[in-house]
Protein chains: 2
Amino acid sequence: MAATPHGAGGRPRSAQRAAAPLIERRADARRNIASILDAAVLLLSRDADASVADIARAAGVGRVTLYGHFSTRADLVDAVLTRTVEQADATLDATDTAGDPRQALTRLVGASWRIVHQFRSVLQAAQRELPPERIRAVHDRILRRVHTIIDRGRRAGVFRDDLPEEWLVTAVFSLMHAAAEDSAAGKVDTGDAARIIAATLLAALSAPGSTVPTVNL
Amino acid sequence: MAATPHGAGGRPRSAQRAAAPLIERRADARRNIASILDAAVLLLSRDADASVADIARAAGVGRVTLYGHFSTRADLVDAVLTRTVEQADATLDATDTAGDPRQALTRLVGASWRIVHQFRSVLQAAQRELPPERIRAVHDRILRRVHTIIDRGRRAGVFRDDLPEEWLVTAVFSLMHAAAEDSAAGKVDTGDAARIIAATLLAALSAPGSTVPTVNL
DNA sequence: GCTAACTTGAACATCTCTGTTCGGGTTAAA
DNA sequence: TTTAACCCGAACAGAGATGTTCAAGTTAGC
């Protein structure tokens with residue numbers, strides 16, 4: 001009988017991948033998992049409906065092997081989303097979000113929007129496959145960053161206090177994604193997108209009665 | 001042989017439904033078409049993936065009958081979207097969008113956002129089934145309204161001139177949809193949504209250097 | 001009341017995906 | 001060198017879904 005390639009037997013439930021296997025995988029297994037994730041990101045970035053078979057083929061791996069590591073499609077998509085978001089988060093770690101809230105937000109937008117743009121299709125796949133809470137949870141750390149900046153801006157009196165903070169966070173994400181779509185559709189100059197988003201957001205977040213800030217990039 | 005129920009024989013290509021059939025349909029056919037569209041709106045509003053079979057059943061009509069009137073699923077979705085948008089457009093016809101651009105925008109948001117909210121799932125279905133150009137085309141008249149208001153506001157100096165107008169229109173739609181999602185998720189008070197959207201938009205559209213307007217509903 | 005338009009359920013023909021099983025081969029690792 | 005972990009193609013199982021065809025019934029409309 002072929003040994004079950006499932007690593008440590010019973011995987012947690014799915015949709016909640018264990019961060020690391022209890023038993024260390026063999027080198028070739030790790031390599032394949034990496035290939036699969038790479039291929040999955042690539043294909044899902046181009047088409048949110050890419051099939052598991054396509055992904056396996058692109059990874060140079062048998063379909064059975066893939067299913068050995070990711071027991072369902074949702075599992076795979078979850079892993080891809082998680083990895084992508086973690087990488088994005090690492091990028092943001094290298095971004096200075098201290099100091100003036102408006103400048104901090106501008107920098108965050110500058111560092112984020114390309115990622116949002118590049119992986120918008122992956123997010124779309126996740127939205128079709130995973131429950132909203134899960135997607136939210138994966139983004140938790142990134143959401144926190146935005147929250148923190150907005151919070152600081154509010155206390156400093158430069159961001160508005162008359163709307164729910166949750167909504168302001170939503171607005172930030174929403175406009176970034178919208179810009180990504182427009183840029184993909186050629187309706188917004190890609191090189192100019194960061195400025196456009198930042199300008200719009202800074203205005204949207206300004207307190208009524210205050211003066212709309214000018215963008216400086 | 002049963003007569004082909006396809007009305008005037010060769011339908012235009014699909015994805016471009018003729019507004020009215022060349023030969024008048026029989027009364028029962030018209031009734032059924034109406035039932036189908038009603039049911040389709042209802043089901044697609046709840047689940048963008050509702051199947052043709054489900055829709056036919058909900059309409060109290062045989063699946064074959066449905067296919068007689070809408071030769072593909074995309075055809076049906078197109079018809080649903082078109083009808084919905086047309087109805088929305090009619091509602092907006094009854095909305096005063098003259099006068100002060102900021103107030104006009106506020107009124108337009110007030111009249112629109114519930115519709116956007118109610119039918120967001122229909123739009124989702126359309127996005128999965130129809131090419132983007134087609135969706136854009138269906139929304140043409142509505143887009144024009146927004147354009148007109150923004151244009152007027154720019155000329156009056158109350159809306160910003162430093163960002164592409166296309167983008168501002170995108171921002172309007174994007175924020176309305178985002179609010180619809182948030183409201184559906186219970187993150188934003190439904191009764192307050194119009195005010196929140198309008199406040200955010202008026203700020204976002206304000207020219208740098210000017211004062212952020214206060215909302216008045 | 002005649003007729004063509006219309007409706008209908010049932011069955012069929014595909015298609016495409018997901019996920020599993022099997023039997024045998026390969027390779028990492030001690 | 002041994003062996004358990006791993007990989008693989010092929011084949012199967014099955015769940016939907018979309019469209020089509022058929023043969024027989026209703027019904028609108030003149």
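Every chain is numbered from 1, with letters handed out A, B, ... down the list of sequences.
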Just the rounded figure in Å: distance from [atom2] of [N] to [atom1] of [X].
{"X": "A/D47", "N": "C/dC17", "atom1": "CG", "atom2": "C1'", "value": "13 Å"}
{"X": "A/E24", "N": "D/dA4", "atom1": "CD", "atom2": "C1'", "value": "16 Å"}
{"X": "A/N32", "N": "C/dT27", "atom1": "CG", "atom2": "P", "value": "12 Å"}
{"X": "A/R57", "N": "D/dG9", "atom1": "CZ", "atom2": "P", "value": "11 Å"}
{"X": "A/R73", "N": "C/dT18", "atom1": "CZ", "atom2": "C1'", "value": "10 Å"}
{"X": "B/D28", "N": "C/dA4", "atom1": "CG", "atom2": "P", "value": "16 Å"}
{"X": "B/I33", "N": "C/dA5", "atom1": "CD1", "atom2": "C1'", "value": "13 Å"}
{"X": "A/R25", "N": "D/dC7", "atom1": "CZ", "atom2": "P", "value": "9 Å"}

**Message:** Heavy-atom nearest nucleotide on DNA chain D for B/R30 versus B/D49: which residue maps closer to 5'?
**Reply:**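 Nearest-nucleotide comparison on DNA chain D picks B/D49.
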
**Prompt:** Quick one: on DNA chain D, does B/A27 or B/V52 contact a more 5' nucleotide (nearest heavy atom)?
**Reply:**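 Between the two, 5'-proximity favours B/V52.
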
Taking the side chain of [X] as its heavy atoms from C-beta onward, which of [options] lies nearest to it?
{"X": "A/A29", "options": "C/dG19, D/dC6, C/dG9", "value": "D/dC6"}
{"X": "A/Y67", "options": "D/dT27, C/dA29, C/dT18", "value": "C/dT18"}
{"X": "B/R26", "options": "D/dG19, D/dC6, C/dA4", "value": "C/dA4"}

Measuring to OP1 and OP2 of [N], would you say a side-chain N or O of [X] lies under 4.0 angstrom away?
{"X": "A/H69", "N": "D/dC6", "answer": "no"}
{"X": "A/R31", "N": "C/dA28", "answer": "yes"}
{"X": "B/T65", "N": "C/dT8", "answer": "yes"}

**Prompt:** Is a salt bridge present between A/R144 and A/D151, judged by a nitrogen-to-oxygen distance below 4.0 Å?
**Reply:**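 Salt bridge flag = no for A/D151 with A/R144.
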
**Request:** Could you check whether the rings of B/H117 and B/W113 sit parallel, tilted or perpendicular, using 30° and 60° as the cut-offs?
**Result:**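 Because their plane-to-plane angle lies in the 30° to 60° range, the rings of B/H117 and B/W113 count as tilted.
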
**Request:** Begin from the C-alpha positions of A/I115 and A/Q87 and carry the test side chain to side chain contact (heavy atoms under 4.5 Å, CB included) through to its verdict.
**Result:** CA-CA 10 Å; A/I115 304 177; A/Q87 284 175 354; over 6 Å; no

**Over all atoms of both residues, closest heavy-atom pair of B/R160 and B/R154** =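 Heavy-atom minimum between the residues: O-NE, 3.0 Å.
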
**Prompt:** Can a donor-acceptor pair under 3.5 Å be found between the side-chain atoms of B/R63 and the base atoms of D/dG19?
**Reply:**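 Yes, the side chain and the base share a sub-3.5 Å donor-acceptor pair.
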
**Asked** Side-chain contact, heavy-atom cut-off 4.5 Å: B/S174 with A/L175?
**Response**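 A side-chain contact under 4.5 Å exists here.
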
